[in-house]
Amino acid sequence: MADWRWSCDPDGLLDDLSTGVRAEVEHLASEITVRDSMVYLDGAAYTGTGPGLRTESRGRLMLTYLTDIRGEQIVIVQVTCFD
């Protein structure tokens, strides 16, 4: 996975979520990070166009995120939880 990581923008995006939902977000974000690190093996040396804004759903959770390939990170920009 090299140095890939995930973060949120804005920083406090997860602050108001319950502990359970936050754990689900962290798990899904980690899975996305691992997957994208394997898809974009060039990482910081990548010269192509990025995939743009994407969504990933799992159960009651939907994340909207960007893959910053050259920054080797996933940036979560929106979290939706369907209770």
Side-chain angles (χ1 to χ4, degrees):
M1 186 169 112
D3 295 324
W4 281 72
R5 65 195 180 286
W6 67 271
S7 64
C8 293
D9 188 10
D11 290 333
L13 184 66
L14 307 182
D15 289 353
D16 294 333
L17 299 177
S18 70
T19 304
V21 172
R22 188 180 181 124
E24 289 180 51
V25 169
E26 291 171 355
H27 182 76
L28 183 53
S30 294
E31 286 184 13
I32 294 167
T33 302
V34 169
R35 180 189 64 213
D36 279 7
S37 74
M38 291 187 289
V39 171
Y40 300 104
L41 296 174
D42 292 342
Y46 184 77
T47 58
T49 303
L53 193 64
R54 298 187 288 172
T55 60
E56 183 84 22
S57 297
R58 178 88 38 83
R60 64 181 179 157
L61 191 66
M62 182 174 72
L63 301 183
T64 304
Y65 67 97
L66 292 164
T67 301
D68 175 6
I69 300 166
R70 287 176 284 285
E72 295 183 333
Q73 70 174 333
I74 302 300
V75 181
I76 309 296
V77 296
Q78 184 178 16
V79 176
T80 305
C81 182
F82 302 99
D83 284 325

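Heavy-atom basis, side chains included; hydrogens, waters and symmetry copies ignored.
The existence of a salt bridge linking Glu31 and Arg35 is excluded, since no basic side-chain nitrogen approaches an acidic carboxylate oxygen closer than 4.0 Å.
Distance check: Thr67 OG1 to Ile32 CD1 gives 8.0 Å after rounding to the nearest 0.5 Å. Distance CE/Met38 to OG1/Thr33: 11.0 Å, rounded to 0.5 Å.
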Could you pull out every donor-acceptor pair under 3.5 Å between side chains of residues 8-18 and any protein atom, sequence neighbours left out?
| from | atom 1 | to | atom 2 | distance (Å) |
| --- | --- | --- | --- | --- |
| Ser18 | OG | Val21 | N | 3.3 |

Under 3.5 Å, sequence neighbours excluded: what are the donor-acceptor pairs made by side chains of residues 75-83?
| from | atom 1 | to | atom 2 | distance (Å) |
| --- | --- | --- | --- | --- |
| Asp83 | OD1 | Arg60 | NH1 | 2.8 |

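By the side chain to side chain contact (heavy atoms under 4.5 Å, CB included) test, Thr19 is found to be paired with no residue, residues two or more places apart in sequence or in another chain being considered. With sequence neighbours left out, Asp68 forms a side-chain hydrogen bond (donor to acceptor under 3.5 Å, both in side chains) with Gln73.
Listed by first and then second residue, the salt bridge (Lys or Arg N to Asp or Glu O under 4.0 Å) pairs that reach into residues 43-54 are Asp36-Arg54, sequence neighbours excluded. Judged as a ring pair (Phe, Tyr, Trp, His ring centres under 6.0 Å), the pairs with a partner in residues 43-67 (not counting sequence neighbours) are, in order, Tyr40-Tyr46.
Between Ile69 and Pro51, the shortest heavy-atom distance links the atoms CD1-CD, 3.8 Å.
No chain of hydrophobic side-chain contacts below 4.5 Å, direct or via other Ile, Leu, Val, Met, Phe, Trp or Tyr residues, connects Leu28 to Met62. Using a 4.5 Å cut-off between side-chain heavy atoms of Ile, Leu, Val, Met, Phe, Trp and Tyr, with links allowed through other members, Val39 and Leu66 fall into different hydrophobic clusters.
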